[in-house]
Amino acid sequence: MALDITAANSIFVITVTSLFNAPVRLENYAADRAWDAPELEMAETAMSIDGYLNAGFVPNPVDQTVSLSPASSSIAVFEAIMTAQQAARSIYRLGGEITLTSTGRKYTMVNGLLRAASVLPAAGRVLETRTFAIRWQSVTPAGV
């Protein structure tokens with residue numbers, strides 16, 4: 001049986017309890033990549049002089065980049081977070097959840113922060129994709 005792998009019916013919700021009264025659903029992603037998270041380094045290793053591989057678990061944050069179409073109404077959400085952080089000279093903590101309906105998986109993101117953002121769209125023949133970088137303390141997978 002083939003599994004449906006579409007991302008078109010995914011649901012990505014973020015929360016910023018100190019800024020928004022309710023969770024916000026992100027919409028209108030960039031066409032080629034809605035979001036991305038590089039691999040997570042989970043072990044620190046060292047090879048001993050006599051050939052033994054030693055390793056230990058190390059916790060690391062999870063970096064994620066969200067890419068939105070220049071016409072996305074969700075850009076205003078990230079701009080509001082950027083503006084609030086600049087005004088307060090402080091950071092706002094985020095929560096997030098991605099539901100992949102097609103594969104029946106859910107990912108819960110905890111204790112995030114907006115680490116970097118494109119402050120305005122690049123303009124060529126048309127406006128280009130906006131990217132927003134979030135750093136999460138952890139991401140936990142589960143079934144839907």
Side-chain angles (χ1 to χ4, degrees), residues 1-48 53-144:
M1 177 173 83
L3 204 60
D4 180 2
I5 59 169
T6 186
N9 59 3
S10 62
I11 301 167
F12 191 158
V13 176
I14 65 168
T15 56
V16 189
T17 54
S18 54
L19 192 58
F20 303 123
N21 292 332
V24 179
R25 183 174 175 169
L26 302 181
E27 300 176 313
N28 199 355
Y29 303 103
D32 292 328
R33 185 166 310 275
W35 61 81
D36 190 12
E39 63 185 29
L40 180 63
E41 186 175 325
M42 294 183 276
E44 186 74 29
T45 62
M47 196 72 163
S48 68
L53 178 62
N54 299 289
F57 173 82
V58 291
N60 277 305
V62 177
D63 288 326
Q64 180 183 41
T65 301
V66 177
S67 301
L68 298 174
S69 161
S72 174
S73 61
S74 297
I75 288 173
V77 172
F78 287 105
E79 288 180 336
I81 297 168
M82 289 168 42
T83 302
Q85 287 186 165
Q86 290 169 338
R89 295 191 176 271
S90 186
I91 56 168
Y92 283 76
R93 295 292 177 161
L94 286 68
E97 184 175 275
I98 296 174
T99 303
L100 301 178
T101 306
S102 60
T103 60
R105 303 297 297 162
K106 177 174 68 171
Y107 299 85
T108 302
M109 291 84 75
V110 176
N111 199 20
L113 55 97
L114 183 60
R115 188 187 58 74
S118 59
V119 295
L120 67 144
R125 292 174 55 126
V126 295
L127 296 177
E128 296 181 13
T129 298
R130 299 274 301 270
T131 58
F132 303 92
I134 303 171
R135 180 163 287 161
W136 301 104
Q137 177 178 306
S138 65
V139 176
T140 305
V144 175

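What you see is a predicted model; the values in this text were computed from it and never measured.
Under a 3.5 Å cut-off, the side chain of Thr101 and the backbone N or O of Asn9 do form a donor-acceptor pair. With hydrogens and angles disregarded, no donor-acceptor distance shorter than 3.5 Å links the side chain of Asn28 to the backbone of Ser69. Of the possible donor and acceptor atoms, none in the side chain of Glu27 sits under 3.5 Å from a partner among the backbone N and O of Ser74. Arg130 contributes a side-chain N or O that, together with a main-chain N or O of Ser118, makes up a donor-acceptor pair within less than 3.5 Å.
Note that CD1 of Ile5 and CG of Leu100 are 11.5 Å apart. Values are rounded to the nearest 0.5 Å. With values rounded to the nearest 0.5 angstrom, Leu26 atom CG is found 5.0 Å from Phe78 atom CZ. Leu114 contributes atom CG, which lies 11.0 Å from atom CD of Glu79 (distance to the nearest 0.5 angstrom). Atom CD1 of Ile98 sits about 4.0 Å away from atom CE of Met109, to the nearest 0.5 Å. Rounded to the nearest 0.5 angstrom, Gln64 CD and Leu94 CG are separated by 10.5 Å. The structure places CG of Asn21 at 12.5 Å from OG1 of Thr15, a figure rounded to the nearest 0.5 Å.
Closest non-hydrogen pair, Ser102 versus Thr6, comes out as OG-O, 2.8 Å. The shortest non-hydrogen separation linking Phe20 to Ala80 is CZ-CB, 4.1 Å. Considering every non-hydrogen atom in both Pro141 and Tyr107, the closest pair reads CB-CE2, 3.5 Å. Scanning all heavy atoms of the two residues, the minimum distance from Gly112 to Trp136 falls at CA-CE3, 3.4 Å.
Looking only at side-chain heavy atoms (C-beta outward), Asp36 and Ser67 stay at 4.5 Å or farther from each other. The side-chain heavy atoms of Val58 and Met42, taken from C-beta on, include no pair separated by under 4.5 Å. Within the 4.5 Å cutoff, the side chain of Arg93 has heavy atoms near those of the Ile91 side chain. No side-chain heavy atom of Ile11 sits under 4.5 Å from any side-chain heavy atom of Glu97. Side-chain contact between Met82 and Val119: present, with at least one pair of heavy atoms (C-beta onward) separated by less than 4.5 Å. Looking at Ile81 and Phe132, their side chains never come closer than 4.5 Å, going by heavy atoms from C-beta outward. No side-chain heavy atom of Asn111 sits less than 4.5 Å from a side-chain heavy atom of Ser138.
At most 12 non-hydrogen atoms from other residues, nucleotides or ligands lie less than 6.0 angstrom from CZ of Arg33. More than 12 heavy atoms of other residues, nucleotides or ligands sit less than 6.0 Å from atom CG of Asn54.
Between Phe12 and Trp35, the two ring planes are perpendicular [angle over 60°; tilted spans 30° to 60°].
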